[in-house]
Amino acid sequence: MGATSVRIAELGAAVGQSVEIRGWVLSLRKSGGIRFVVVRDGSGQVQMVLREKDVSPEVWEASAGLSQETSIIARGRCRADARAPSGVEIDLDDVEVVGQSGDYPIQPKEHGVDFLLDHRHLWLRSQRQAAIMRVRSRFEQAIRNWLDDQGFIAADTPILTPSACEGTTTLFETTYFEQKAYLSQSGQLYNEALAQALGKVYCFGPAFRAERSKTRRHLIEFWMVEPEMAFTDLDGCLETVEQMLSYAIGQVVERCPDDLRLLGRDPEELAQVRPPFPRISYDEALGILREQGLEIPWGEDFGAPHEAAISERFKLPVFVHRYPTSAKAFYMKPDPERPEVVLSADLLAPEGYGEIVGGGQRIDDYDLLLRRLREHDLPQEDYDWYLDLRRYGSVPHSGFGLGIERTLAWMLKLEHVRETIPFPRMLYRLRP
RNA sequence: UCCUCGAUAGCUCAACGGUAGAGCAUCCGGCUGUUAACCGGAGGGUUGCAGGUUCGAAUCCUGCUCGAGGAGCCA
């Protein structure tokens with residue numbers, strides 16, 4: 001043998017050498033005594049050339065059956081070639097079929113969404129989808145690295161929970177032996193307990209919302225990173241958001257520029273996403289909306305068109321802070337100078353992608369928190385432990401949740417969040 | 001849950017009241033630089049389901065099923 005196994009992405013360094021490629025056939029083009037096989041291996045794709053006069057009759061015969069997605073081990077010599085998109089080609093002298101493929105459903109042409117999602121297990125093999133998965137991996141890794149460097153402790157919060165985190169009606173119910181249980185829609189309340197134990201913590205996991213919601217921004221199961229920090233106010237929280245997000249985007253720009261270009265996002269454009277992000281108050285946002293003819297009464301939350309109109313004014317993601325108390329969750333801390341608004345903020349992504357972060361400062365006063373629970377008709381016994389956090393050394397604390405899929409959809413200019421997760425869970429779609 | 005749109009060959013679509021078609025894919029043949037290759041040939045259909053109108057329905061009407069986009073809600 002003598003050939004070393006090489007990933008296609010590394011072929012540039014292997015020009016002139018004998019290499020072994022292990023991958024899947026993308027296409028076979030036959031033209032008399034010469035055949036072109038394009039192969040991919042997860043790191044990239046390369047064209048391999050077979051000449052009838054240069055290979056054994058057995059290899060020539062076998063190469064005729066290299067149908068789309070047949071898995072192969074191929075050996076040959078790597079050669080620079082100006083005609084190749086990647087600059088290199090391989091002159092094959094041996095090819096071994098590992099697993100034959102026939103009648104592959106997904107062709108290199110346009111397909112409908114329904115068909116592609118039904119074949120998600122195969123769709124993931126396509127160039128664009130693989131690129132998205134690589135970026136997702138880098139992005140998540142960068143977030144973890146940044147949090148780790150800043151002294152955050154990863155603390156995984158439970159997925160099976162005894163009650164609603166935020167008291168909404170949109171939870172998936174399941175059974176926990178003889179009790180009812182619910183799939184978590186956020187790890188935040190547990191994070192608050194962990195922050196008092198460890199100072200700075202985060203959870204990174206799936207969240208479940210049983211909303212009968214079907215838009216390009218929604219998944220039933222999605223992933224969130226939720227940092228929570230003791231002794232931190234709203235301003236400290238927002239700084240953490242912008243630092244973490246711009247670092248992670250910077251890592252993606254640095255490590256996946258080709259994938260970004262393939263997906264139609266200019267890496268240079270993304271590299272401009274650096275702190276500080278603009279900050280406007282809810283009141284100022286209402287002013288922008290009024291100018292655009294999208295007036296809403298004070299106290300109401302924004303809908304998707306409103307978020308889009310606001311974010312269109314900015315090149316960077318924009319924080320909207322100090323929402324009306326009535327529009328936000330029970331645990332948000334009122335602004336001491338203006339109790340009708342809370343010390344919360346949402347981060348709206350540019351280009352109409354909408355909210356990608358929600359967070360803020362939490363109520364640290366026992367009596368106020370108890371009052372809010374009652375105002376929201378939440379069962380106090382479910383929140384006894386949460387109230388305890390305000391009885392034993394309560395501190396000002398803040399945190400936020402960043403939606404991985406929405407952020408990726410924006411970064412990668414995608415039409416829909418469903419392409420940013422390997423197997424999307426959507427209304428009416430549980431398979432594969 | 002509501003509003004809008006859609007369903008015809010494996011895929012993407014055409015036929016819009018008068019015999020259901022094309023491109024791609026598949027199979028067979030040809031071609032020594034192709035790159036969504038090209039050229040020739042073949043197979044492939046209960047037009048989502050059920051009813052109705054009509055001499056005649058893929059086409060018009062009703063109901064249902066499945067899906068998509070959006071709204072509300074949210075990351």
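Reminder, nothing fancy here: chain letters follow the sequence lines and each chain counts from 1.
Across G17(B) and U54(B), the matching C1' atoms stand 9 Å from one another, rounded to whole Å. When the P atom is used for both A7(B) and A14(B), the distance is 8 Å, rounded to whole Å. Atom name P, nucleotides C5(B) and U46(B): the rounded distance is 29 Å, in whole Å. The separation of G41(B) from C49(B), taken at their C1' atoms, amounts to 37 Å, rounded to a whole angstrom. Between G29(B) and C11(B), the distance separating the two C1' atoms is 25 Å to the nearest Å. For the C1' atoms, the distance from A15(B) to A20(B) is 8 Å, rounded to whole Å. Across the C1' atoms, A22(B) and G44(B) are found 14 Å apart, a figure rounded to whole Å. Nucleotides G6(B) and C61(B) have their P atoms positioned 11 Å apart, rounded to a whole Å.
The base of C11(B) is not paired with the side chain of His111(A) by any donor and acceptor separated by under 3.5 Å. Between the side chain of Ser213(A) and the base of G72(B), at least one donor-acceptor pair of N or O atoms lies under 3.5 Å. Between the side chain of Gln107(A) and the base of G23(B), no donor-acceptor pair of N or O atoms lies under 3.5 Å.
By the 6.0 Å and 45° rule, Arg51(A) does not stack over the aromatic ring of Trp60(A). With Phe204(A) as the aromatic partner, Arg144(A) meets the cation-pi criteria of under 6.0 angstrom to the ring centre and within 45 degrees of the ring axis.
Judged by distance alone, the side chain of Lys200(A) and the main-chain N or O of Gln150(A) form a donor-acceptor pair under 3.5 Å. Looking at Arg134(A), its side chain does come within 3.5 Å of a backbone N or O of Gly42(A) through a donor-acceptor pair.
Residue Pro105(A) is classed as having no contact, given no heavy-atom separation below 4.0 Å to the nucleic acid. Counting any heavy atom pair closer than 4.0 Å across all strands shown, Ala84(A) reaches no nucleic acid atom. Using a 4.0 Å heavy-atom criterion, one finds that Asp301(A) contacts the sugar-phosphate atoms exclusively. In this structure, Gly102(A) reaches neither bases nor backbone, as no heavy-atom distance under 4.0 Å exists between it and the strands shown. Among the atoms of the strands shown, base atoms are found under 4.0 Å from some heavy atom of Arg79(A). Among the atoms of the strands shown, only primed sugar atoms or phosphate atoms (P, OP1, OP2) are found under 4.0 Å from some heavy atom of Gly112(A). Among the atoms of the strands shown, base atoms are found under 4.0 Å from some heavy atom of Leu219(A).
Mapping Tyr428(A) and Val417(A) onto RNA chain B by nearest heavy atom places Tyr428(A) closer to the 5' end of the strand. Positionally, the nearest nucleotide of RNA chain B for Glu415(A) lies more toward the 5' end than for the other of Glu415(A) and Glu307(A).
Judged purely by distance below 3.5 Å, without hydrogens or angles, the side chains of Gln47(A) and Glu89(A) pair a donor atom with an acceptor atom. Under 3.5 Å, the side chains of Glu192(A) and Gln196(A) contain no donor-acceptor pair of N or O atoms.
A close approach under 4.0 Å does occur between a side-chain nitrogen or oxygen of Arg212(A) and OP1 or OP2 of U1(B). In this model, the phosphate group of C74(B) is not approached by any side-chain N or O of Arg406(A) to a distance below 4.0 Å at OP1 or OP2. Here Arg418(A) reaches the OP1 or OP2 of G69(B): one of its side-chain N or O atoms lies under 4.0 Å away. The shortest distance between the side-chain N/O atoms of His119(A) and the OP1/OP2 oxygens of G10(B) is not below 4.0 Å.
Residues Ser246(A) and Val273(A) share a closest heavy-atom pair of CB-O, 3.3 Å.
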One pair to check against ring pair (Phe, Tyr, Trp, His ring centres under 6.0 Å): Tyr282(A) and Phe302(A). What are the steps and the verdict? CA-CA 10 Å; Tyr282(A) 172 86; Phe302(A) 304 130; 5.3 Å; yes
TODO: Show the numbers, then the answer: is there a side chain to side chain contact (heavy atoms under 4.5 Å, CB included) between Met224(A) and Leu402(A)?
DONE: CA-CA 5 Å; Met224(A) 255 196 315; Leu402(A) 178 142; over 6 Å; no
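Centre separation under 5.5 Å together with a plane angle under 30° holds for the ring of Phe222(A) and the six-membered base ring of A75(B), marking them as stacked.
Counting to the nearest Å, the C1' atom of A75(B) and the CZ atom of Phe302(A) are 17 Å from each other. In this structure, CD1 of Ile421(A) is placed 16 Å from P of A75(B), rounded to the nearest angstrom.
In this structure U35(B) sits in no base pair that meets the Watson-Crick or G-U test at under 3.5 Å. Figure legend. U26(B) is base-paired to A42(B); pairs are counted as Watson-Crick or G-U wobble with both atom distances under 3.5 Å. U47(B) is unpaired under the criterion used here, namely a Watson-Crick or G-U wobble arrangement in which both key atom distances are under 3.5 Å. The partner of C2(B) is G70(B), by the rule that a Watson-Crick or G-U pair needs both atom distances under 3.5 Å. Of the nucleotides present, none pairs with G56(B) by Watson-Crick or G-U wobble criteria with both distances under 3.5 Å. U65(B): Watson-Crick or G-U partner is A7(B), with both key distances under 3.5 Å. Nucleotide U19(B) has no partner under the Watson-Crick or G-U criteria, as no pair reaches both atom distances under 3.5 Å.
The side chain of Phe115(A) lies closest to C11(B) when the candidates are U26(B), A68(B), C11(B). With A68(B), G33(B), A71(B) as the choices, the nucleotide that has an atom nearest any side-chain atom of Pro305(A) turns out to be A71(B).
Within residues 25-61 of chain A, the residues having any heavy atom under 4.0 Å from RNA chain B are, by residue number, Arg29(A), Lys30(A), Ser31(A), Gly32(A), Gly33(A), Ile34(A), Phe36(A), Gln47(A), Arg51(A).
A ring-centre distance under 6.0 Å is not found for Phe319(A) and Phe314(A).
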